[in-house]
Each structure stands twice: as C-alpha cells, then as structure tokens.
Protein chains: 2
Amino acid sequence: MSGADQPEGTARRPSRQRSAVLALLDDLDGFSSAQDLHALLRERGDAVGLATVYRALQALVDDGQVDVLRGADGEAAYRRCSPVHHHHLVCRSCGTTVEVADPPVERWARQIAAEHGFADVQHQVEVFGTCRACTTAGPVVS
Amino acid sequence: MSGADQPEGTARRPSRQRSAVLALLDDLDGFSSAQDLHALLRERGDAVGLATVYRALQALVDDGQVDVLRGADGEAAYRRCSPVHHHHLVCRSCGTTVEVADPPVERWARQIAAEHGFADVQHQVEVFGTCRACTTAGPVVS
DNA sequence: GTGTTCATGAGAATCATTCTCGCATAGCCG
DNA sequence: CGGCTATGCGAGAATGATTCTCATGAACAC
C-alpha cells in the first residue's frame with residue numbers, strides 16, 4: 001500500500017471485459033450503479049463477473065475516464081465523462097446529467113482554502129434539481 | 001417511503017439517549033462516523049445501542065441540526081453544525097473542519113440550474129485540503 | 001394509577017463492495 | 001515453437017456499515 005501502483009494509467013493489460021464496461025458507459029446518459037451496469041452487461045450478452053465490473057470501474061475512475069458520485073444512500077454511481085475538470089447538474093427525478101465547467105467556482109474554492117491555510121485543494125460540487133421535463137410531466141406524488 | 005413523516009421536526013419524544021448523542025456531537029470538532037460516536041458514548045458511560053445512535057443521527061439530520069458527509073469509502077460522517085446553510089472546508093489529514101458561508105456560490109448554483117431549466121435546486125459543495133498544521137507537520141509519505 | 005404509545009436494545013438481516021482462490025489467457029523466454 | 005509466468009477473470013465467501021424485527025421499558029394521557 002504505497003499509494004501509486006501503476007506509473008501511468010494505461011499500464012493494464014487490455015481485455016474484452018474492460019472495453020465492454022467502457023462501451024456500456026458510453027451508451028448510457030446518466031449515472032448508473034455498479035450493480036445496474038453488471039445487470040445491463042448480462043442482458044447485452046457480455047457475460048462479465050460482478051467483481052470484474054467493480055475492478056474495471058475502479059481502474060477507469062483512477063484513469064479519470066469515469067466519474068463517481070455517492071448518492072444519499074451511499075451507493076456509488078458511475079458515469080463516463082470528459083477528462084477535463086467539471087461538475088454536474090443532475091436531475092433527481094430522471095437522472096439526466098449536464099456537465100458544467102465553471103472557472104468562478106474553481107477560483108472561489110482555491111481562494112477560500114488559501115485564506116484558511118489549506119493546501120493541496122480538491123473540491124466536490126454537485127447540483128441537484130428537477131429538470132423542466134420532469135417538473136411539468138411528473139410532479140412528485142405526495 | 002411516502003415522504004414527510006413528522007409534520008414538524010420536534011414531534012419526537014425526548015429521551016436521554018438522543019440528548020447524549022447531540023451532547024457528544026457538541027463536544028467534537030470534526031466529522032465522526034456513527035460507529036465512532038457509538039464507541040465514544042460507550043466509553044463515556046452513556047450506554048446507548050448502536051441502532052439508537054443511527055436513529056438519533058437520522059432524526060437530527062432531518063432536523064438540520066447535524067450535517068452528514070459521505071467519505072470516499074461510502075461511510076457516513078456526522079457533525080454538529082449551525083442550522084443556516086453553509087459549506088465545509090475539511091482537512092483530509094486531521095479532520096479539522098471550517099464552516100464557510102458563501103453567497104457567490106449559492107447564486108452561481110441557482111443560476112446554472114435556471115439556465116438549464118432545473119427547478120427545486122439543491123447543491124452540495126465540499127472543499128478538501130490539507131491544513132497548514134498538517135502540511136508542515138506530516139507530509140504524506142509517497 | 002393504569003393503559004397505551006413510542007423509543008430503546010440486542011441481534012439478525014440486508015446490501016453494496018471487497019477479498020480469496022483456482023483457472024484461463026496473454027505475453028515473454030529459452 | 002513450446003513452455004513459463006504473470007495478470008485478469010469468475011464465483012462465491014467474507015466484510016462492514018446500516019437497517020429491520022420484536023420484545024421490553026419508560027413517558028404521556030386520562
């Protein structure tokens with residue numbers, strides 16, 4: 001456990017299963033849980049073990065090719081995303097996701113951290129809401 | 001899961017255990033996991049069941065008296081906090097937490113959401129870093 | 001004071017995630 | 001070219017946090 005395992009992101013042996021996971025993520029729009037992805041792969045005919053899905057997902061997250069989000073229930077949700085830094089605007093009803101880049105927030109986070117003497121800053125920003133389609137179509141039943 | 005259970009936050013019967021949890025959180029500075037809180041209560045002599053700690057924590061979160069944060073491992077961490085909206089600056093080494101209020105980010109989140117037609121907006125902003133004390137004292141071994 | 005209701009506590013149950021171990025395959029060496 | 005070795009895979013067990021169940025005890029209502 002010394003931290004950095006692979007010198008670079010692509011030091012792993014290529015495999016059909018890994019590509020299948022990435023391909024599936026490419027086809028999906030919103031965030032999906034690891035269990036869902038596993039079930040979908042099975043339906044597609046790409047038989048992949050559950051443990052392998054987790055391994056592939058972790059590798060992809062390490063590589064920065066996939067974003068991970070923790071829902072309120074602690075379940076991890078994954079999504080293919082652009083490698084550049086960005087944040088998400090997620091519809092809490094239909095799961096649609098919009099990627100947003102935002103220099104002001106980046107700057108603000110760095111500044112706040114610097115003011116308090118914090119270094120090596122990371123920040124995590126997610127915005128949840130109900131998209132227009134869901135607002136008009138299906139208001140939450142009370 | 002019909003949504004609103006209690007009409008108002010204080011509809012629960014008061015109890016020694018619930019106060020003990022809140023009192024303990026008052027004494028602690030950073031975020032603590034439910035399991036840690038349970039162990040600490042035991043050490044203090046306030047014998048409280050683990051399930052009760054979880055129940056009390058959920059109630060307090062519902063009331064907005066406690067903040068919950070999900071670590072990278074999915075474990076929930078709780079912390080007593082002011083009832084007004086704010087965000088956190090957390091030291092990833094020693095756990096020290098600074099509450100930061102920030103109108104600009106609030107405005108930014110609302111604006112971004114509005115631009116994309118999202119309503120009923122919530123946002124989640126956490127900034128992680130290494131505080132000055134930890135930076136000078138114990139740099140991370142590579 | 002008595003009955004009813006709600007919270008508690010201990011342990012079992014659940015669920016996502018990780019680990020173990022044996023097997024298959026890919027790449028490399030002789 | 002054949003065999004060797006490391007690495008990834010798969011299935012199921014193990015782990016660990018959180019939630020549920022149900023019987024007991026305490027608090028409120030009358």
Side-chain angles (χ1 to χ4, degrees), chain A residues 1 4-24 31-63 65-79, chain B residues 1-2 5-24 31-63 65-79:
Chain A
M1 305 296 171
D5 319 289
Q6 306 299 132
E8 265 322 297
T10 321
R12 296 177 192 87
R13 197 177 290 186
S15 84
R16 178 183 61 79
Q17 289 87 347
R18 188 145 338 179
S19 326
V21 171
L22 196 53
L24 175 57
F31 281 88
S32 317
S33 73
Q35 311 269 347
D36 284 347
L37 292 171
H38 176 237
L40 286 170
L41 282 172
R42 281 280 156 104
E43 286 180 17
R44 278 194 162 195
D46 280 317
V48 175
L50 178 57
T52 304
V53 173
Y54 278 103
R55 275 187 290 237
L57 249 18
Q58 280 176 344
L60 290 168
V61 169
D62 284 351
D63 263 19
Q65 300 181 58
V66 162
D67 256 5
V68 59
L69 209 62
R70 295 259 172 195
D73 54 353
E75 201 169 351
Y78 301 85
R79 179 174 190 273
Chain B
M1 307 274 201
S2 12
D5 318 290
Q6 306 296 132
E8 264 323 297
T10 322
R12 295 177 194 89
R13 196 176 290 188
S15 84
R16 178 183 62 80
Q17 290 85 347
R18 190 149 332 189
S19 328
V21 171
L22 195 54
L24 175 58
F31 282 87
S32 316
S33 74
Q35 310 267 349
D36 284 348
L37 292 172
H38 177 236
L40 285 170
L41 284 171
R42 281 278 156 105
E43 287 180 15
R44 276 193 163 197
D46 281 316
V48 175
L50 179 56
T52 303
V53 173
Y54 277 102
R55 275 188 289 238
L57 249 18
Q58 280 176 345
L60 290 168
V61 170
D62 284 350
D63 263 18
Q65 301 181 57
V66 162
D67 256 4
V68 59
L69 208 63
R70 296 258 172 197
D73 53 354
E75 199 170 352
Y78 302 86
R79 180 174 189 273

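Reminder, nothing fancy here: chain letters follow the sequence lines and each chain counts from 1.
The residue R18(A) sits close only to the backbone: its heavy atoms come under 4.0 Å of sugar-phosphate atoms, none of a base.
Rounded to an integer number of Å, the gap from CG of L50(A) to C1' of dG8(D) is 16 Å. Between the CD atom of E75(A) and the C1' atom of dT17(C) there is a distance of 11 Å, rounded to whole Å. Atom-to-atom, CZ of R70(A) to P of dA16(C) comes out at 13 Å; the value is rounded to the nearest Å. L57(A) has its CG atom 9 Å from the P atom of dT17(C), to the nearest Å. Note: CZ (R13(B)) to P (dT4(C)) measures 14 Å, nearest angstrom. Between L41(B) atom CG and dA10(C) atom C1' the separation is 17 Å, expressed in whole Å. Remark: P of dG16(D) and NE2 of H38(B) are 17 Å apart, rounded to the nearest angstrom. Atom CG of L69(A) is separated from atom P of dA16(C) by 17 Å (rounded to the nearest Å).
When distances are taken from the side chain of V48(B) to each of dG9(C), dG8(D), dT8(C), the shortest belongs to dG9(C). The side chain of Q35(A) approaches dA16(C) more closely than any other nucleotide in the set dT25(C), dA16(C), dC19(C). Each of dT17(C), dG10(D), dT7(D) was ranked by its minimum atom distance to the side chain of Q17(A); first place goes to dG10(D).
Put simply, the residue from L41(B), L40(B), L24(B), V21(B) that forms a side-chain contact (heavy atoms from CB on, under 4.5 Å) with D46(B) is L41(B).
For dA26(C), the OP1/OP2 oxygens have no side-chain nitrogen or oxygen of S15(A) closer than 4.0 Å. For dG9(C), one of the phosphate oxygens OP1 or OP2 lies less than 4.0 angstrom from a side-chain nitrogen or oxygen of T52(B). Applying the 4.0 Å criterion to OP1 and OP2 of dT19(D), one finds that Y54(B) has every side-chain N and O outside that range. Contact check, Q58(B) against dT18(D): no side-chain N or O comes under 4.0 Å of OP1 or OP2.
With DNA chain D read from its 5' end, the first of the two nearest nucleotides for R55(B) and P14(B) is the one closest to R55(B).
Shown here are the ring-ring contact (aromatic ring centres under 6.0 Å, His included) partners of F31(B), two or more places apart in sequence or in another chain: H88(B).
Panel note: side chain R42(B), backbone V48(B); a donor-acceptor pair is recorded below 3.5 Å.
The CZ atom of R55(B) lies 10.0 Å from the CD atom of Q17(B); values are rounded to the nearest 0.5 Å. In this structure, the separation between CZ on R70(B) and CG on D73(A) is 7.0 Å, given to the nearest 0.5 Å.
Between the side chain of R16(A) and the base of dG8(D), no donor-acceptor pair under 3.5 Å is found.
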